[in-house]
Structure formats: C-alpha cells, structure tokens
Undergrad: 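Here it is: the structure, laid out below.
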Amino acid sequence: MANLTCAPTAEVLKLVLERISDTSATVQVSALQAAANLARYFSDQLLQMGILDLVQPILLSYTQYDHLKYSLLTSALNFLDVLAQENSGFCLALSRSQVVDLCLGILGSEKKEVFVVACELLTTCAEDNSEFSAKILASSAQLYETIKHLPSLERMVGVYLLVTASLSCLEFNNLSMLVEQFTYFLSIDPYEDFLSNVLPKVENQELFKSHYHVWEQDIKSQQVALECFTNLLSCDSEETPVGTQFLSEQLIERITKIGGGLSLEVAKKLTNLPEAFSNVLVCQTQAHNFIQNLVINTDVQFNFSFLWDQLFWTLESTLSLHDEVPELFEDLANLESEVSKCLMLLVKKGYVEEAGTYLERALSILENLEDKKYMLGTLGVMSSHMQMQQASKVIQVLMAACSDSNTELVVEALNCFFDVFCDERFDQALKDFNVIQTMKTGFQTFQEQVSAVQDAEVRDNAEEALANLEEFIKYKEAHITY
C-alpha cells in the first residue's frame, strides 16, 4: 500500500488514516510510514481528508513519550516533512504553525532521539522562506552552542539547518563557524575507516554492528556536509557564490576523492553489505553535485584532466556492478546520471583538451547507461574531433536515441547531429545510414511528441530542436547527392 504510484481509492487512504489514530503505537508508526510514502504522490488528497487533525495530537503530547512513542513522534515529523516537500502551500502554513515551535523546542531539549527529523522538517520550512529563516537565525547563537557538542550526524543536520536559513536570508555573519564544522567532516575518510575498522569485524556480528553504527553516522554526516558546501556554491544570478571564499585546492581534491569512491575490487566486497554500499554511493553522488556547482558557478582553477579520467573510471565501475547489486539499481543510476552531467559540463566549458581521445570509451558507456541525455551532450563536443571510421558508430548511437520516447533524450541526440554532422566530411556516412530520409520520415512523429510535452523548459528546447531539424534536413538534402 505504501508503495502505490497509481491513484489509490478513497477507501485505501481512509484505511491508512484510521490506523494513524489506532490505540497501538506500533500500528500508528506503520500507518505514518505508509502515509509518508503516499504523500510523495497524493499530498493533496491526504490534506483534503484531514490527516493533520490526526497527526497533531501525536505531536503536541510528545513530552509524555517513552522510547516506543519517540518512534511514533519521529514518524509523524517525517511524514510532515515529506508532505511539506511535496506541497509548497502546506509548507508555508506549517512554518507559521505550532509544529515548528515544537521542533525548535526539541532542538533545545534533551530529546536527541527526534533531533534529526525535527531539524530536517525545520530545514524544509526554511528553504526559500526568509521570514521563517529569520526566526531560526534569531536563536542561532544558542542553537549553535547546542549542536557543536552533539554527535556527528545531529551536529551536521543542525549546521545544515543554519546554512539553509542563512542562504534564505542572505545573512552570513556566522558562516565561518558553520563552514568550520562541515569542512571537518569533509576531511575524514569513511572509506578507509570502513576498510580498516568495520569490514574486518564482519564475522563477529555484535562487534560489526557497534563499529558499523559509528561509521554510518560519520558517512551520513559527510553526505550532509557535502550538501551544505554544494548549496553554498549555488547562485541564481551572476554574483559570486558565497561558498567560493572557502574553497581550496586541498578541499577540492578531497571532495574529488570522495566522488571516486572505492576501488572496484573493494566495491565488489561490499555487494554483500548493500546498506553500507548504498551509503557510499549516496556520498559519491553528493560529491558530484558539488563538482557540478564548482564547474558551473566558479572560475576556480583545478586539475580537471585528472577529474575527467576519474569520471570515466567511475562510470565504467558502477556500470559493471549492476548485476552484483540489483537492489541498488536506483543508487547506481543516480550516481551515473550525476557523473555524466559532470562530464558534459567539463567538456562544454572546454576544460579538457584531450576529450576527443575518450570517444570510444564514451560510446561504450552510452550503450549501457540508463540516463543517456548528459552523455549525449558530452558526445556532441567530443565527436567534433572524431575520425571518419568512428562516424558510423556515433550515427548508430544517435539514431537509436532519436527513437526514444524521452523527449529530452531525443533533443540531445538531435543537437549532437546538428553540432557534429553539419561538417560535410561526414555526409557519406549520413548517406550510408539513410539518416536524412529517416529524419524526414520521423519529423511528424517528433512534432507530435513535442506538442505533448508539459514542462515549459523542455518544450522550449524541443521546439528549438524541431525548427533546427527542419533546417538541417533542408541543408543536407541540398548537399548530399543520391
């Protein structure tokens, strides 16, 4: 029930709601977890059915709770966090409610069992909400004194809350103290720690569990630290991101190393520990989000050729692991997508002079990637220096992509055709594969595909590609003789 992605009946939703007010706390926890999953798709329906009236009593009586009921409170706050992420109107209303006062009270209390989820809910409310963020920052000195003595994960989610509030208010007076906290977690090496102190204990379950718990807190803290720094390198204008002042070559190298993950040999050892492996993959993915903002929003000088080679290695390694850990398909696919985007950004910015020499590796990777659009963007630049004998393989890859139902993928493939094959050197290859006739035949189908696109940005890009396709066909028909 919790994993439904098609619209459930009102009876199904009503059943979940009824269980939230059950007399058993265990049943209530399960119902709230189901409601959190349903909220990702059906937030409006849940709100209309009055689910908040059922959740509020759980929140307002939290001081009476024992350990089991802290699980109930945690589940209730997590549900509200998901609901706030999915429904901006509810998020705004929540930021002005008693619930946030409750969460602020938790942050200043000894109720550490629910600290993380309370912080996460406040962070969701603080994003792009300067009014609420100002309320957070008004007590930031007291909050900072509390969080700097907390265990690693609680400390980092507290820092993340204050960084988010600072960005929303554009108030950076205490930013250096926050950066000092999260750069510490970027300096640790959880990969080496796992290999040295956790993995050797795997035969002793009790010993392994205790060491694993500490390691898990550290690597999740590093994930949050990476997200903090990534957000400080984001900007909506041409202004220099506030995080730029804290960059150093040593720190960039460290984050690049985090993105590289484990060696393939060690990664295969972790396939029997999917939870641990998932944490590593999430950390790698977040490191590549940082790299993207570094490339897009700064002019920092770095050894991007080294990074370029590592990005290819990371893609090839993760693709080889899909059969080993099918349960981590989503984590692997997310990492591959972010690594591909890094490659595209680097090559389009001209940071890697020898990019063309990687064409064969790029084509090989493309065959197996789930999300091909960024790699196609990379291919468009790399192929501008390709040899004649490589043109046929590039054409085959692009023609396969053009028949896909994903409009963004088709647009990237067409743009690659326009950028690379406008060169008359490759006209014979276009003729050999009957490319122009195939484009003419599929023009109306693509036109209908573009008309059905709902997203405004995707549609604008697709309409531009459609207009360019028409011109490309005309141009090539005038120059290719049959």
Side-chain angles (χ1 to χ4, degrees), residues 1-87 90-91 93-95 97-125 150-151 153-154 157 205-206 209-210 212-213 216-217 220 274-275 278-279 327:
M1 184 187 299
N3 294 315
L4 286 171
T5 54
C6 56
T9 64
E11 288 76 15
V12 170
L13 292 177
K14 184 179 178 183
L15 178 64
V16 174
L17 267 59
E18 286 175 350
R19 295 297 179 267
I20 289 174
S21 53
D22 198 274
T23 55
S24 165
T26 303
V27 173
Q28 288 179 289
V29 167
S30 296
L32 283 164
Q33 290 170 347
N37 287 330
L38 290 168
R40 300 185 189 282
Y41 305 99
F42 315 112
S43 60
D44 289 338
Q45 293 95 314
L46 290 170
L47 287 168
Q48 289 166 9
M49 295 180 76
I51 196 167
L52 291 184
D53 294 335
L54 300 172
V55 175
Q56 196 163 1
I58 297 172
L59 300 174
L60 298 182
S61 59
Y62 81 97
T63 53
Q64 305 169 14
Y65 283 3
D66 56 23
H67 180 73
L68 173 61
K69 291 191 176 180
Y70 277 130
S71 296
L72 178 58
L73 177 57
T74 299
S75 298
L77 291 172
N78 179 65
F79 164 69
L80 292 179
D81 186 26
V82 174
L83 203 56
Q85 291 175 40
E86 298 299 328
N87 191 301
F90 170 70
C91 184
L94 190 66
S95 70
S97 72
Q98 286 180 287
V99 173
V100 297
D101 293 325
L102 164 69
C103 291
L104 287 168
I106 290 171
L107 267 53
S109 74
E110 298 302 315
K111 307 296 186 295
K112 301 302 183 284
E113 298 88 341
V114 291
F115 184 95
V116 170
V117 70
C119 240
E120 288 173 342
L121 177 56
L122 291 172
T123 302
T124 298
C125 291
L150 291 174
L153 185 56
E154 286 85 351
V157 294
Q205 281 301 302
E206 288 302 315
K209 283 180 182 178
S210 63
Y212 179 82
H213 176 73
E216 184 180 42
Q217 298 303 296
K220 285 187 174 181
E275 185 180 345
S278 176
N279 276 314
E327 66 269 42

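Since the model is a prediction, treat every value here as computed from it, not as a measurement. Side-chain atoms are counted along with the backbone in the values below, which use heavy atoms only and exclude waters and symmetry mates.
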Undergrad: As an exercise, state the distance from CZ of F90 to OG of S95, rounded to the nearest 0.5 Å.
TA: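 Separation between the atoms: 10.0 Å.
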Undergrad: Of all the heavy-atom pairs spanning C91 and A84, show the shortest one and how long it is.
TA: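 Looking at all heavy atoms of both residues, the shortest contact is CB-O, 3.4 Å.
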Undergrad: What distance separates L83 CG from S43 OG, expressed to the nearest 0.5 Å?
TA: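 Here the interatomic distance stands at 6.0 Å.
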Undergrad: Can you measure from CD (E18) to CG (L54) and round to the nearest 0.5 angstrom?
TA: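 So the CD of E18 and the CG of L54 are separated by 9.5 Å.
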Undergrad: State, yes or no, whether a side-chain contact exists between L46 and L17 at a heavy-atom distance under 4.5 Å.
TA: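 Contact flag for L46/L17 side chains = yes.
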Undergrad: Are any side-chain N or O atoms of E86 and backbone N or O atoms of A39, one a donor and one an acceptor, separated by less than 3.5 Å?
TA: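 Here the side-chain-to-backbone pair does not exist.
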Undergrad: Please round to the nearest 0.5 Å and tell me the distance separating atom CD of Q98 and atom CG of L59.
TA: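 These two atoms lie 10.0 Å from each other.
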Undergrad: Check whether any side-chain heavy atom of H213 lies under 4.5 Å from a side-chain heavy atom of K209, and answer yes or no.
TA: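 Side-chain contact under 4.5 Å: no.
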Undergrad: Tell me the closest heavy-atom pair linking Q28 and S21, and the distance in Å.
TA: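 Minimum heavy-atom contact is NE2-CA, 4.1 Å.
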Undergrad: Got V100 and L121 here, is their nearest side-chain heavy-atom distance under 4.5 Å?
TA: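 A side-chain contact is absent here, since even the closest heavy-atom pair is not under 4.5 Å.
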Undergrad: Check whether any side-chain heavy atom of V157 sits under 4.5 Å from a side-chain heavy atom of T123, and report yes or no.
TA: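 The answer is no; the side chains never approach within 4.5 Å.
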Undergrad: Test your reading of the model: is there a side-chain donor-acceptor pair from S97 to the backbone of L94, 3.5 Å cut-off?
TA: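 Yes; judged by distance alone, with no hydrogens or angles, the pair exists.
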Undergrad: Counting only N and O atoms by type, is there a donor-acceptor contact under 3.5 Å from the side chain of S75 to the main-chain atoms of S71?
TA: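 Checking the backbone N and O of S71 against the side chain of S75, a donor-acceptor pair under 3.5 Å is found.
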Undergrad: Can you confirm whether E327 is buried at CD, in the sense that more than 12 heavy atoms of other residues, nucleotides or ligands lie under 6.0 Å from that atom?
TA: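 For E327, atom CD is crowded (more than 12 foreign heavy atoms under 6.0 Å).
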Undergrad: What are the two closest heavy atoms between Y212 and E275, and how far apart are they?
TA: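 Closest approach of Y212 to E275: OH-CG, 3.3 Å.
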Undergrad: I need the L80 CG to Q56 CD distance, nearest 0.5 Å.
TA: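 Here the interatomic distance stands at 9.5 Å.
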Undergrad: Out of the candidates V55, I106, I58, L72, only one should pair with L77 under the side chain to side chain contact (heavy atoms under 4.5 Å, CB included) rule; please name it.
TA: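 In the set V55, I106, I58, L72, the residue that makes a side chain to side chain contact (heavy atoms under 4.5 Å, CB included) with L77 is I106.
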Undergrad: Heavy-atom distance under 4.5 Å between the side chains of I20 and F79, does that happen here?
TA: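 Sidechains of F79 and I20: no contact.
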Undergrad: What is the distance from atom OG1 of T74 to atom CD of Q33, rounded to the nearest 0.5 Å?
TA: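 Separation between the atoms: 10.0 Å.
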Undergrad: Quick one, K14 and M49 - any side-chain contact, counting heavy atoms below 4.5 Å?
TA: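 Result yes, sub-4.5 Å side-chain heavy-atom pair found.
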Undergrad: Begin from the C-alpha positions of V16 and L32 and carry the test side-chain contact (heavy atoms from CB on, under 4.5 Å) through to its verdict.
TA: CA-CA 8 Å; V16 174; L32 283 164; over 6 Å; no
Undergrad: Run the side chain to side chain donor-acceptor pair (under 3.5 Å) check on D81 and Q85 step by step: do they pass?
TA: CA-CA 6 Å; D81 186 26; Q85 291 175 40; 3.3 Å; yes
